[in-house]
Asker: 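One structure coming up, written as structure tokens, with questions to follow.
Bear in mind the structure is a predicted one, so any value in this text is a computation, not a measurement.
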Amino acid sequence: MGAADEGDVTRGQAHRGDARAVVEPDLRPGLDRRARVPALVAEAVAAGARRLVLLSAYGVGEAGDDHPLKSAERAVRDSGVGWTILRPDWFAQNFSEAFWRQGILAGALALPTGDGRTPFVDAEDIAEVAAAALTDERHSGRIYHLTGPRAVSFGEAADLIGSATGRTIRHVDVAPETFVERQVANGVPPEAARLLTGLLVDIRDGQGAAPSDGVEQALGRPPRRFEDYVAETAAAGHWN
């Protein structure tokens, strides 16, 4: 749940030898999302792929059949070749590379998340698990739930980033309908704005993911802490 540039892995397909990483490149409403990944899987297998790694999303396993990534997971599992599915939580990099960076730079992160908490996962960990799954057959048939080591609230995240940058950054809780209106005013399609708002409200309502040991299962080490991500990102000047 998020956006981070991990090279070809986030552009629809990455490969190493006869292995392929499959990513839904665009989740905007109105697109035929339920057909694109199954079609890509069929083409990859026909072209000789013998291992597939799908970047899915946390909670897809419990979601209904209307979830856009449900058909993607089914296509990978039914492909007839080795497969691994990654289900990451919200990316830590959303604070520095995507959705929430502008709020951080402005000093106010206005989101309908209240005091809700979720264990943000570092995209570097996701990329490392994907690389391991592409190159090591022991990951075949596995589903990895990828999170950070502990749940963090948006208020705590703002405080940690503020301390690391020497600036005052606040988390401002806003009403869901206000957040939708602001997203639409900024050019986000209404359906997409409502979808994102619903995911954030789930966090506010205590439905954020629980920390998982998926990174440790896959890599034999704990996931990177959110504090480490903040320190490295601040030192690199991404919030200057």
Asker: Run the side-chain hydrogen bond (donor to acceptor under 3.5 Å, both in side chains) test on Asp89 and Thr118 for me, step by step, so that the C-alpha distance in whole Å, both residues' side-chain angles and the decisive distance to 0.1 Å come before the verdict.
Answerer: CA-CA 8 Å; Asp89 192 47; Thr118 198; 2.8 Å; yes

Asker: Any idea which heavy atoms bring Tyr58 and Thr147 closest together, and the distance?
Answerer: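 Minimum heavy-atom separation between Tyr58 and Thr147: CE1-CG2, 3.5 Å.
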
Asker: Using 0.5 Å steps for rounding, measure from the CZ atom of Phe91 to the CG atom of Asp125.
Answerer: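 It comes to 11.5 Å.
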
Asker: Starting at CD of Gln183, measure out to CG of Leu196 and round the result to the nearest 0.5 Å.
Answerer: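 The CD atom of Gln183 sits 6.0 Å away from the CG atom of Leu196.
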
Asker: Hey, are Thr113 and His171 close enough side-chain-wise for a donor-acceptor pair under 3.5 Å?
Answerer: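 Side chains of His171 and Thr113: pair found under 3.5 Å.
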
Asker: Hey, does Arg182 have a side-chain heavy atom less than 4.5 Å from the side chain of Thr178?
Answerer: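 Yes - at least one pair of side-chain heavy atoms lies under 4.5 Å apart.
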
Asker: What distance do Thr233 atom OG1 and Gln93 atom CD have between them, rounded to the nearest 0.5 Å?
Answerer: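 It is 6.0 Å, given to the nearest 0.5 Å.
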
Asker: Of the non-hydrogen atoms in Ser71 and Pro38, which two are nearest, and what is the gap between them?
Answerer: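 Looking at all heavy atoms of both residues, the closest pair is O-CG, 3.9 Å.
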
Asker: Determine whether Phe154 and Val180 fall in the same hydrophobic cluster, where Ile, Leu, Val, Met, Phe, Trp and Tyr are linked whenever their side-chain heavy atoms lie under 4.5 Å apart.
Answerer: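 Not linked; separate clusters.
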
Asker: In a check of side chain to side chain donor-acceptor pair (under 3.5 Å) between Tyr144 and each of His139, Glu216, Gln217, which one passes?
Answerer: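 Of the listed options, the one satisfying the test is His139.
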
Asker: Using a cut-off of 6.0 Å, state whether more than 12 heavy atoms not belonging to Arg77 lie near its atom CZ.
Answerer: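 Atom CZ in Arg77 is not packed in, count stays at 12 or less.
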
Asker: Please name the pair of heavy atoms, one in Gly148 and one in Pro223, separated by the smallest distance, quoted to 0.1 Å.
Answerer: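 In terms of heavy atoms, the two residues are closest at C-CG, 3.8 Å.
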
Asker: Taking Arg142 for the side chain and Ala133 for the main chain, is one N or O donor matched with an acceptor at less than 3.5 Å?
Answerer: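 Here the side-chain-to-backbone pair does not exist.
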
Asker: Does this structure show an ion pair linking Glu124 with Arg224, if we count only N-O contacts that are shorter than 4.0 Å?
Answerer: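 No salt bridge links Glu124 with Arg224.
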
Asker: Quick check on the hydrophobic clustering: are Ile169 and Trp239 connected, directly or via other members, by side-chain heavy-atom contacts under 4.5 Å?
Answerer: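 As far as the 4.5 Å side-chain criterion goes, Trp239 and Ile169 are connected within one cluster.
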
Asker: Atom CH2 in Trp83, atom CG in Asp78: separation rounded to 0.5 Å?
Answerer: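 Result: 9.5 Å between the selected atoms.
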
Asker: Is Asp136 salt-bridged to Arg51, cutoff N-O under 4.0 Å?
Answerer: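 Salt bridge between Asp136 and Arg51, a charged N being under 4.0 Å from a carboxylate O: no.
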
Asker: Shared ILVMFWY cluster between Val201 and Leu109, side chains joined below 4.5 angstrom?
Answerer: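 Hydrophobic grouping puts Val201 apart from Leu109.
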
Asker: For the CZ atom of Arg204 and the CG atom of Leu111, what is their distance to the nearest 0.5 Å?
Answerer: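 Output value for this atom pair is 12.0 Å.
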
Asker: Using every non-hydrogen atom in the two residues, find where Leu52 and Ala44 come nearest and quote the distance to one decimal.
Answerer: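 Nearest pair, atom of Leu52 first, then Ala44: CD2-CB, 4.3 Å.
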
Asker: Does atom CD of Glu137 have more than 12 heavy-atom neighbours, drawn from other residues, nucleotides or ligands, at distances under 6.0 Å?
Answerer: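 For Glu137, atom CD is not crowded (no more than 12 foreign heavy atoms under 6.0 Å).
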
Asker: Is Arg150 salt-bridged to Glu156, going by a charged N under 4.0 Å from an acidic O?
Answerer: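 Yes.
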
Asker: After noting the C-alpha distance and the side-chain angles of Phe226 and Asp122, does the key distance pass the side-chain contact (heavy atoms from CB on, under 4.5 Å) rule?
Answerer: CA-CA 7 Å; Phe226 187 78; Asp122 195 304; over 6 Å; no

Asker: With clusters defined by side-chain heavy atoms of hydrophobic residues (ILVMFWY) lying less than 4.5 Å apart, directly or transitively, does Val188 cluster with Phe99?
Answerer: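 No, Phe99 and Val188 fall in different hydrophobic clusters.
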
Asker: Can you find a pair of side-chain heavy atoms, one from Ser153 and one from Asp115, that are under 4.5 Å apart?
Answerer: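 Result no, sub-4.5 Å side-chain heavy-atom pair not found.
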
Asker: Ala92 and Tyr229: which non-hydrogen atoms are nearest, and at how many Å?
Answerer: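 Residues Ala92 and Tyr229, closest heavy atoms: O-OH, 3.0 Å.
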
Asker: Do you know which two heavy atoms are closest between Val121 and Pro88, and how far apart they sit?
Answerer: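 Here Val121 and Pro88 meet closest at CG1-CB, 4.1 Å.
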
Asker: Report yes if the side chains of Val215 and Glu128 come closer than 4.5 Å at any heavy-atom pair, otherwise no.
Answerer: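 When only atoms from C-beta onward are counted, Glu128 and Val215 do not touch, as no gap falls below 4.5 Å.
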
Asker: Do Ile203 and Arg117 have side-chain heavy atoms sitting under 4.5 Å apart?
Answerer: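 They are not in side-chain contact.
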
Asker: How many angstroms lie between atom OG of Ser56 and atom CZ of Arg87, to the nearest 0.5 angstrom?
Answerer: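 CZ of Arg87 is found 6.0 Å from OG of Ser56.
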
Asker: Can you tell me how the ring of Phe120 sits relative to the ring of Phe95, calling it parallel under 30°, perpendicular over 60° and tilted otherwise?
Answerer: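 Geometry flag for Phe95 against Phe120: perpendicular rings.
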
Asker: For the side-chain contact (heavy atoms from CB on, under 4.5 Å) test, which of Thr84, Val53, Val129 pairs with Leu134?
Answerer: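 Exactly one candidate clears the test, Val53.
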
